[in-house]
Amino acid sequence: MEYNFQQIEQSAKAFWAAQQAYKVKNDSTRPKYYVLDMFPYPSGAGLHVGHPLGYIASDIFARYKVMKGFNVLHPMGFDAFGLPAEQYALETGQHPAVTTEKNIKRYKEQLDNIGFNYDWNREVRTSDPQYYRWTQWIFLQLFQSWFNRESRKAEPLSTLTARLEQEGNKGCPAPGDETLRFTAEEWKAMSEPEQRSVLMQYRLAYLDHAEVWWCEALGTVLANDEVVNGVSERGGHPVERKKMRQWFLRITEYADRLIDSLDNLEWSEAMKEMQRNWIGRSEGASVHFAVENHKGSIEVFTTRPDTIFGVDFMVLAPEHALVDLITTDVQKEAVVQYVGYVKSRSERERMAEKKISGCFTGAYALHPFSGKQIPVWISEYVLAGYGTGAIMAVPSGDDRDHAFARHFGIEITNIFGAQYTGESAVSDKNVTIEQSGFVSGKSVKEAASLVLEALETKGIGARKINYRLRDAGFSRQRYWGEPFPIVYKNNIPYAVNEAGANLPEALQQLPVTLPYIENYKPGPEGEGPLANIAEWVMVQNNDGDLLKRETNTMPGYAGSSWYFLRYMDPGNADAFADPKATDYWKQVDLYIGGTEHAVGHLLYSRMWTKALHDLGYLSFDEPFKRLVNQGMIGGSSRLVYRISGTNQFVSAGLKDAYQTDEIHVDVNIVDGVELDVAQFKQWREEYYNAEFILEEGKYICGAQLEKMSKRYHNVVNPDDIVRQYGADTFRMYEMFLGPIEMSKPWDTKGIEGVHRFLKKFWRLFYDEQQGWIVTDEAPADAELKALHKTIKKIESDTERFSFNTAVSQFMICLNELTDLNCHKRAILDPLVRLLTPYAPHVAETLWKQLGHDGSVIHAAYPEWEEKYTVDNSKVYPVAVNGKPRVELEFALDAEQAFIEKEVLSNEVIQKWLEGKEPKKFIYVKGRMINVVV
RNA sequence: GCGGGUGUGGUGAAAUUGGUAGACACGCUAGACUUAGGAUCUAGUGCCGCGAGGCUUGGGGGUUCGAGUCCCUCCACCCGCACCA
């Protein structure tokens, strides 16, 4: 009987299904363990072999934990809202709900094919009204909350209004407008609309204005992704930045907590560093510069107040509100032209731009201490969204400012004396400040605090902490997303269930369901498609007023910010999850996904978790305790070489003799690098009559590493691999490719090694002629040693996610047992259990053949015994002057004196010593021996 | 531009604490068995050299008895950068 993986895998799957083997309960005497994968967006292209890498790792780990005695939650679901489905709808007229459903079905088939242990009873889809009902509910929690900077916590708005009635906002400035000041009396005197507009400056979910990519020709707002080289990807139309009213989440209030609690997470330092950099906390000062002949002032943020006497010019972001007000008539035309240029540029282009550009406004700021005139410029390198959108430029102390001053011939004030050479800015902070009035001769630190004091005394500056992090834009002018549970009365937003809106009972309920539409065209003025459905948009309240619904939808990260909570209690109709369930499962113990989510999804879900915790809905305030990032699997493309202007193809080794065109060929019709010529002729009509120049009878393709993508014809579908080699082989091969967190190319050819391993493993149990050959003989020492060393290694490799070395160890063990001709039950029984997390199907089948009743996936994980894993002697490499010359075996407990005598009398060592006396003898027990001459 | 990561045979890689570089596989070479081989088994396989031996972990420099591993410096490639998810 040979290794028939199709039959083995089918019957194992049927057995598990009949047993409901993956069903997970929320109560158990076992300790809990929560393993989670970043859930996929179900795209129309289906899964390729790169996607399951992390899923296989988490599946192995989840299965391992089950066998180790844990109650393991390992769910899967779908991030089902998104732009591609809507784009597809625009092109084909197929409703996103229909295509999404279809894609999910395909994904589930593909996932099940690989044999994951998901409890599909717990599946969630973000586009399901019973799911997004709670996404909307959480949004309303944020809308009805503010962040109390004293308690450092989100609190219901009621605690804020109570305070405002008592003492105004003296102790709690509005994060949305720090200049806003009012007394209790003033607050009480405000009308309801006035009060609501003040509260808007506090809410954690709030309305403000922000720029989006607007494409006049398409009449729509575009995502960054859809803008390529400054024009729309579809049609190549011009685009520009347009200001629109949008929802935001006040994540900046959580900046410090998001930084602080990173310390308690088991994430890679690199990932934590990326989050810290993204949040970008910097301490410095805010300084107001008066503008000559003008009432307003320019506020800048600087981390180097000590350099204030080196300010030679100011730079405003071109979209800064003051630009229009201060520009002189003479400069007007140039400024308008420059602003126009910047409008067409993305932030990234602006930051990456090496070419220096800018425009003088004609206005001058006045130095707060010296009264010197400082020219005010605008330039694209200053971004409106960062800091105050304005900087004081110190060319002698900052590289960018230095280059700018040089480029425009602005005179540079040297405040670093001899340390500044005129060639480049002085960025060293261990210097003395000179030429700087009252801080001349001081260190950077001293000067900074003296300047701050002076600014504070004058009332034109203060210490300030600035963050690079911006509040999260939460509106999308799209159809296929969560509708907002918001209505506008006289242009003032209300939650649908707020008394002030006074909606009929039925309209107050969540979810606010996404209406069915047939036309996905954008609404007027860049509004989303929902704006076109008048009967949905307009609602009448109990007073007979006509209210207008919010017509934007929520962004992709809305649903994904809390999905890990819904898996704990997926069917709950009364809450996003029962507190009993969240208290039981708590944080995700292990989260696996790509680094591409480093600063988006991972920051937002951390913020949502903290907010829900603050408001009393969760007992923990971090969602993901341990995070593992899997690398990407790249595609290995295959190229054929067509002799230019002909239909003749030349093999890679001979191509240099011709002028050729490189053509990507479908990797599925290439074996390694050898092209299947017959299949190639069938591949496309135009190649039916192709001719070939072969080398040694073969057509050899070129190879190239690039992204796995349809475009390069290098996509490999896991279904094909599973059909050809089986799921167990596929799982083990993905792990065998290399470390989980590393990116690597896919090469189907290499899978043979793992497949051979499984076939050979099977032959420990079955012989082609004799059938079942497992015996009950007592195991020999060598066999026990092979087994126990392997158990030890596999367990520690699995614990530290070194799955590639674990697969190697299985191979090493198998090679040893084959050499020992071992077919003993006492060895093979634990070995089958050990293999279960990696190759569950074959393990299940052999487990049954070994005579066990239950499923191997619930069997106990094998344990190793120390006594079988230790050696008592070691073959030492013996080096002379660090170069290994000979190998000598010694007992591990040998004395140094004995070893020294033996080594020095060895003839090979004698030869290398050339009669000289050894200077030093180094003996590292269990490692090596080195003689220094 | 900013931030993060990675460089080891023809290929994927291993070396967990500074201690025999290349385990385990793919591929390749030769052979055995076979009606057949895209099955299985055996042997070999980093580079140079007939050999003794020498060289070798992206380049250069350093620390050390000893460096893939630690330090400095340079280079190349990959990923992210706020409306793809």
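Letters go in sequence order (proteins before strands), and every chain restarts at 1. Nothing here was measured: the structure is a model prediction, and the numbers come from that model. As a basis for the values below, the full set of heavy atoms in this structure was taken, side chains included, without hydrogen atoms, waters or symmetry mates.
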Conformer about C1'-N of B:G9 - syn within 90° of 0, anti elsewhere: syn
Under a 3.5 Å cut-off for both distances, is B:U34 Watson-Crick or wobble paired, and to whom? none
Does B:G44 have a Watson-Crick or wobble partner in any strand here, with both distances under 3.5 angstrom, and which is it? B:C28
Answer with yes or no whether A:E596 presents, from its side chain, a donor or acceptor under 3.5 Å of a partner atom in the base of B:C81. no
B:G18 - base-pair partner by Watson-Crick or wobble geometry, distances under 3.5 Å: none
Taking the same atom, P, in B:C77 and in B:A15, what whole-Å distance lies between them? 28 Å
Indicate whether OP1 or OP2 belonging to B:U40 is found under 4.0 Å from a side-chain N or O atom of A:K759. yes
Looking at B:A76, which nucleotide sits across from it as a Watson-Crick or G-U wobble partner, both distances under 3.5 angstrom, or is there none? B:U6
Mind checking if A:P40 touches a base, just sugar-phosphate, or nothing, with heavy atoms under 4.0 Å? nothing
Have a look at A:Q724 and say if it touches a base, only the backbone sugar-phosphate, or nothing, with a 4.0 Å heavy-atom cut-off. base
At under 4.0 Å between heavy atoms, what does A:M632 touch on the DNA or RNA strands: base, sugar-phosphate, or nothing? sugar-phosphate
A:N804 side chain N/O closer than 4.0 Å to the phosphate oxygens (OP1, OP2) of B:C24? no
Separation of B:G19 atom P from A:R927 atom CZ, nearest Å, is 6 Å
Donor-acceptor pair under 3.5 Å, A:N930 side chain vs B:C65 base: yes
Does A:Q246 reach a base, just sugar-phosphate, or nothing at all? Heavy atoms under 4.0 Å. base
Could you tell me whether A:R800 contacts a base, only the sugar-phosphate backbone, or nothing, with contacts defined as non-hydrogen atoms closer than 4.0 Å? base
How many whole angstroms separate atom OH of A:Y41 from atom P of B:C84? 12 Å
Contact class for A:R400 vs. all strands (heavy atom < 4.0 Å): base, sugar-phosphate, or nothing? sugar-phosphate
